[in-house]
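Keep in mind that the numbers below use all heavy atoms, side chains included, and drop hydrogens, waters and symmetry copies. Numbers here simply count residues along the sequence, with the first being 1.
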Amino acid sequence: MTSRIVQFPITVVVDGERVQVPNGITVAAVLFNLGVTAVRQSVSGQPRGPVCGMGVCFECRVTIDSRPHQRACLTAVADGMHIRTASHS
């Protein structure tokens, strides 16, 4: 017999837009699924987005629930979470 994990959808707010996403995925996965490739700008103004996917590069930093500089690749979504990318600050 195989077990199956059911991921019930939850609602998060991304740059002011309410979206339903599977529970248990990362913020980076949500952004990728929405087509967001750049989440911030470098000091020289270049667009930056997730690179390593494991928290080493710090390129995926977003604001989560009013806390800036959170790594999207390491943060699992939670119901009601507010995610803001630098392009919508």
Side-chain angles (χ1 to χ4, degrees):
M1 176 163 78
T2 60
S3 63
R4 192 169 126 189
I5 299 173
V6 177
Q7 294 182 331
F8 295 102
I10 60 172
T11 301
V12 298
V13 180
V14 178
D15 292 330
E17 180 182 341
R18 293 174 62 87
V19 294
Q20 284 200 320
V21 300
N23 191 14
I25 66 172
T26 65
V27 171
V30 169
L31 297 171
F32 179 78
N33 287 335
L34 292 175
V36 177
T37 56
V39 298
R40 66 179 197 90
Q41 291 184 344
S42 69
V43 293
S44 64
Q46 297 299 308
R48 303 305 239 188
V51 175
C52 72
M54 60 184 179
V56 175
C57 71
F58 286 78
E59 296 294 342
C60 65
R61 290 175 291 161
V62 295
T63 299
I64 299 173
D65 294 332
S66 300
R67 292 184 325 250
H69 307 295
Q70 302 299 303
R71 287 176 282 178
C73 68
L74 295 180
T75 307
V77 293
D79 195 35
M81 179 181 275
H82 284 73
I83 303 158
R84 184 164 286 296
T85 63
S87 60
H88 290 83
S89 295

| query | Would you find a donor on one side and an acceptor on the other, under 3.5 Å apart, between the side chain of His69 and the backbone of Arg67? | reply | no
| How many angstroms lie between OG1 in Thr75 and CD1 in Ile83, if you round to the nearest 0.5 Å? | 9.0 Å
| remark: CD1 of Ile25 to CZ of Phe32, rounded to nearest 0.5 Å, is 11.5 Å
| field | Polar side-chain atom of Arg84 near backbone of Thr63 as donor-acceptor pair, under 3.5 Å | value | no
| request: Return the minimal non-hydrogen interatomic distance between Arg61 and Val39, and the atom names on each side. | output: O-CG2, 3.8 Å
| task | Identify the heavy atoms of Ala28 and Pro50 that sit nearest to each other, and give their distance. | result | CB-CG, 4.4 Å
| field | Closest contact, heavy atoms only, Arg40 versus Phe58 | value | NE-O, 3.8 Å
| request: Side-chain contact test, heavy atoms from C-beta onward, threshold under 4.5 Å: evaluate it for Val12 versus Val19 and give yes or no. | output: yes
| Roughly how far, to the nearest 0.5 Å, is CD of Gln20 from CD1 of Ile10? | 9.5 Å
| Does Glu17 CD have over 12 foreign heavy atoms under 6.0 Å away? | no
| remark: dist Leu31:CG -> Asp15:CG (nearest 0.5 Å) comes out at 7.5 Å
| remark: Taking every heavy atom of Ala76 against every heavy atom of Met81, the minimum-distance pair comes out as O-CE, 3.5 Å
| request: Starting at CD of Gln70, measure out to CG of Asp65 and round the result to the nearest 0.5 Å. | output: 9.0 Å
| query | Is there a side-chain contact (heavy atoms from CB on, under 4.5 Å) between Val14 and Val30 once you walk through the steps? | reply | CA-CA 9 Å; Val14 178; Val30 169; 4.1 Å; yes
| query | Which heavy atom of Cys57 sits nearest a heavy atom of Cys52, and at what distance? | reply | N-SG, 3.5 Å
| field | Considering all heavy atoms, the nearest Thr11-Asp79 contact | value | N-OD1, 2.9 Å
